[in-house]
Amino acid sequence: MTQTLTHFINGAGVEGTSGRFADVFHPAVGEVAAQVPLASLEEVNNAVEVAVKAQVGWAGLNAQRRARILGRFVDLAHENMDELATALSNEHGKTFDDAKGDVQRGLEVVEFCMGAPHLMKGEFSDQSGTGIDTYSMRQPLGVMAGISPFNFPAMIPLWQAGPALAAGNAFILKPSERDPSVPLMLADLFKQAGMPDGVFQVVNGDKAAVDALLDHPAVEGVGFVGSTPIAQSIYTTAAANGKRAQCFGGAKNHAIIMPDADLDQAADALIGAAFGAAGERCMALSVAVPVGKETADALVAKVFEKAKDLKVGPSLDPSSDFGPVVTAEAKARIEAAIEAGVKEGAELVLDGRGVKIDGHENGFYVGATIFDKATKDMSIYLDEIFGPVLTIVRADDFEEALALPSEHEYGNGVAIFTRDGDTAREFTRRVQVGMVGVNVPIPVPIAYYTFGGWKASGFGDLNQHGADAFKFVTKTKSVTSRWPSGIKEDASFVMPLQ
Ligand code: NAD
């Protein structure tokens, strides 16, 4: 028996009416777990109309009252953490603890957004001309939409929704059709927290739903996170339709390992960052660049020793280091990418293909895979594989290592491992990548800094979370004000005599 999921419109779960559904898998066992409805144009238009009406009252609340509702939501999400993480693990495939991290990193941004009363403050210039004051105020855009990827079904929707809601927008989420249950649970928790109906809605669907959101004139802003071709196409369409857009795409994150680095620390960091969540993180370290032959030989030996013992297994088995990938197609795509690397002549040090787990023979498992001596013209270096595959490209010196991430098509995250402050400083200043870690493998900035990649990893000029997010979800109104003088001089508190 598979479950049939719903949309969440106007404060309630609503059955799909398009007649179209997609299968949602349980990747650990390889079976269909649910059917998710794929919204029609009419269903999306209805959700937008509901949002337009609901937004007026929501924006009319003062920011502090909105923040209190967000605070109650955070508390409720913590109370329901185990249920959320279990559902997330079951549909995505990441381990239970990692799933809790997915929820937690989303909640941290909602907590930051509770500062909306401060973050929405405008500016004021007294006497900007004689008798004139100039001031600015931030106002919500109206209705905003978020289109999210499968790999963070709690975190990314909350990064998109938190600032939008806190600023007084209504928000429509179009989550990934591969793991839609957690977004629906979040919608229910928002309702329990006191969010008025229609302010946060979930419309499940595919390209048809996204196109309907992009075409609707009442949708004023769109946040997208997913693969680069779709990010670029959504950015272009949104701009052509006069909408504000921030669209984040794929990645190929490098770790530079200098000869003076603590190699044990770097190897440990690489294991977690390359293979955690089966490599299905936009900030996964998928390329290691050891500098110098000695460093490379030592690093490869250490990483191999640790990686060969990693346990890929069912998501909810506490002994699993990482779980399955999300779908059978993802597994086939990753295994094809490994085959391409072999054909291109990279040295396959560890091969994760063909993994079979007892009792879970149909699950979508790929084991840890390592390529050494890859070169920068190979597809395993150029393409985002989005699986547990670490590609090692050896560099002769610092300049060659710096050039690799700087010249790569993607520019999401990068890390350098060194004990030398001068090397680290030079690297962080010159590298052409949006988020940099110094001896930190996955440099996802905390909620009050912004998150966003450069080059093909991000389209639009404002990042997610941090202060940028409030600029993205609000429009600025500037007011120039003059009050004619004289009224107060004539004011009299004495009863006129005639
Ligand atoms: P995806 O691009 O396949 O899907 C993302 C969203 O777009 C989903 O909601 C999907 O339904 C929708 N979509 C798919 N095809 C569409 C189309 N033709 N038109 C309109 N909408 C469409 O991405 P995914 O596989 O779900 O997620 C993995 C990708 O996301 C990776 O490339 C990863 O690097 C990237 N990602 C980036 C970041 C970041 O911040 N840069 C964060 C997380 C994930």
Side-chain angles (χ1 to χ4, degrees), residues 20 22 24 27 36-39 44 91-94 102 105-106 109 145-160 172-180 182-183 202-215 222-238 245-253 277-286 325-327 329-331 333-334 337 383-387 408-414 433-435 442-445 450-460 462-466 468-469:
R20 293 195 307 127
V24 180
V36 62
L38 303 175
V44 173
E91 285 185 358
H92 175 284
K94 64 177 76 174
D102 189 327
R105 292 305 294 256
V109 169
I147 300 144
S148 55
F150 82 86
N151 68 325
F152 282 103
M155 183 183 86
I156 303 274
L158 292 175
W159 285 10
Q160 294 172 329
I172 300 174
L173 175 68
K174 204 305 284 171
S176 170
E177 58 274 50
R178 286 176 236 166
D179 44 15
V182 168
V202 179
V203 174
N204 281 306
D206 54 6
K207 183 176 187 307
V210 173
D211 288 345
L213 288 166
L214 291 174
D215 286 342
V222 178
F224 172 88
V225 180
S227 56
T228 288
I230 316 281
Q232 190 158 20
S233 132
I234 288 183
Y235 184 67
T236 309
T237 309
Q246 55 170 204
C247 300
F248 297 95
K252 196 77 175 176
N253 306 311
E280 292 174 321
R281 291 181 181 139
C282 64
M283 289 292 273
L285 282 181
S286 48
V325 296
V326 67
T327 54
E329 291 75 40
K331 176 177 155 82
R333 185 182 44 73
I334 294 161
D383 300 340
E384 181 182 45
I385 298 175
F386 223 54
H408 201 282
E409 175 192 10
Y410 296 113
N412 212 38
V414 71
V433 172
M435 291 171 282
I442 303 191
V444 175
T450 73
F451 180 107
W454 290 6
K455 300 181 284 184
S457 296
F459 304 89
L462 290 169
N463 279 350
Q464 299 189 92
H465 62 70
D468 267 18

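Counting starts at 1 for both ligands and their atoms, in listed order.
Taking every heavy atom of Asn412 and a limit of under 4.0 angstrom, the matching atoms of ligand 1 come to 41 (N). Listed by number with element, the atoms of ligand 1 under 4.0 Å from a non-hydrogen atom of Val225 are 5 (C), 36 (N), 37 (C), 38 (C), 39 (C), 40 (O), 42 (C), 43 (C), 44 (C). Residue-ligand proximity, Gly250 to ligand 1, at heavy-atom distances under 4.0 Å covers atoms 32 (O), 34 (O). Each of the following atoms of ligand 1 lies closer than 4.0 Å to a heavy atom of Ile147: 6 (C), 7 (O), 9 (O). Close approach of ligand 1 to Glu177 (heavy-atom distance below 4.0 Å) involves ligand atoms 10 (C), 11 (O). For ligand 1, the atoms lying closer than 4.0 Å to a non-hydrogen atom of Pro175 are 9 (O). Close contacts of ligand 1 with Cys282, meaning ligand atoms under 4.0 Å from a residue heavy atom, involve 34 (O), 36 (N), 37 (C), 38 (C), 39 (C), 40 (O), 42 (C), 43 (C), 44 (C). Those atoms of ligand 1 that come under 4.0 Å of a heavy atom in Phe451, given as number and element, are 40 (O).
Between Val109 and His465, the shortest heavy-atom contact is CG2-CD2, 3.6 Å. Scanning both residues, Pro153 and His92, for their nearest heavy atoms gives CD-CD2, 4.5 Å. Considering all non-hydrogen atoms of both residues, Arg333 and Glu384 come closest at NH1-O, 4.4 Å. Nearest heavy atoms, Pro149 versus Gly226: CB-CA, 4.1 Å. Between Val433 and Trp454, the shortest heavy-atom contact is N-CE3, 3.6 Å. Of all the heavy atoms in Ser457 and Gly411, the pair that sits closest is OG-N, 3.1 Å.
For atom 28 (C) of ligand 1, the closest non-hydrogen atom on the protein side is Phe386 CE2, 3.6 Å. Looking only at protein heavy atoms, the nearest one to atom 21 (N) of ligand 1 is Val210 CG2, 3.5 Å. Among all non-hydrogen protein atoms, the one lying nearest atom 35 (C) of ligand 1 is Gly226 O, 3.1 Å. Among all non-hydrogen protein atoms, the one lying nearest atom 24 (P) of ligand 1 is Phe150 CD2, 3.6 Å. At the shortest separation from atom 27 (O) of ligand 1 among protein heavy atoms lies Pro149 CB, 3.3 Å. Distance from atom 37 (C) of ligand 1 to its nearest protein heavy atom, with residue and atom name: Gly249 O, 3.0 Å.
Considering each of Arg281, Lys174, Lys207, the one bringing a non-hydrogen atom nearest atom 19 (N) of ligand 1 is Lys207. Nearest-heavy-atom check against atom 13 (N) of ligand 1 across Val326, Thr228, Ile230 picks out Ile230.
At least one N or O atom of Ser227, backbone or side chain, sits closer than 3.5 Å to an N or O atom of ligand 1. For ligand 1, the polar-atom distance check against Phe224 finds no nitrogen or oxygen pair separated by under 3.5 Å. Checked by distance only, ligand 1 and Glu384 come closer than 3.5 Å through their nitrogen or oxygen atoms. Residue contacts with ligand 1: Ser148 is placed with a nitrogen or oxygen under 3.5 Å of a nitrogen or oxygen of the ligand (distance criterion only). In terms of polar-atom proximity, defined here as any N/O pair under 3.5 Å, Asn151 makes no such contact with ligand 1. The distance criterion of under 3.5 Å between nitrogen or oxygen atoms is not met by Ile234 with respect to ligand 1.
With hydrogens and angles ignored, the 3.5 Å screen pairs a side-chain donor or acceptor of Lys455 with a backbone N or O of His408. A donor-acceptor contact shorter than 3.5 Å is absent between the side chain of Glu177 and the backbone of Asp206. Side chain of Gln232 to backbone of Phe459: no donor-acceptor contact under 3.5 angstrom is found. Checked by atom type and distance alone, the side chain of Lys174 pairs as donor or acceptor with a backbone atom of Gly205 at under 3.5 Å.
Contacts between Glu280 and ligand 1 below 4.0 angstrom, taking non-hydrogen atoms only, are absent altogether.
For the pair Lys94 and Phe152, the distance from NZ or CZ to the six-membered ring centre is under 6.0 Å and the angle to the ring normal is within 45 degrees.
Distance check on atom 4 (O) of ligand 1: every protein heavy atom falls at or beyond the 4.0 Å cut-off.
Separation of atoms CD1 (Ile156) and CD (Gln464) is listed at 5.5 Å; rounding is to 0.5 Å. Atom CG of Asn412 is separated from atom CE of Met435 by 4.0 Å, given to the nearest 0.5 angstrom.
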Take Asn253 and Tyr410 through the side-chain contact (heavy atoms from CB on, under 4.5 Å) test and state the conclusion after the steps.
CA-CA 8 Å; Asn253 306 311; Tyr410 296 113; over 6 Å; no
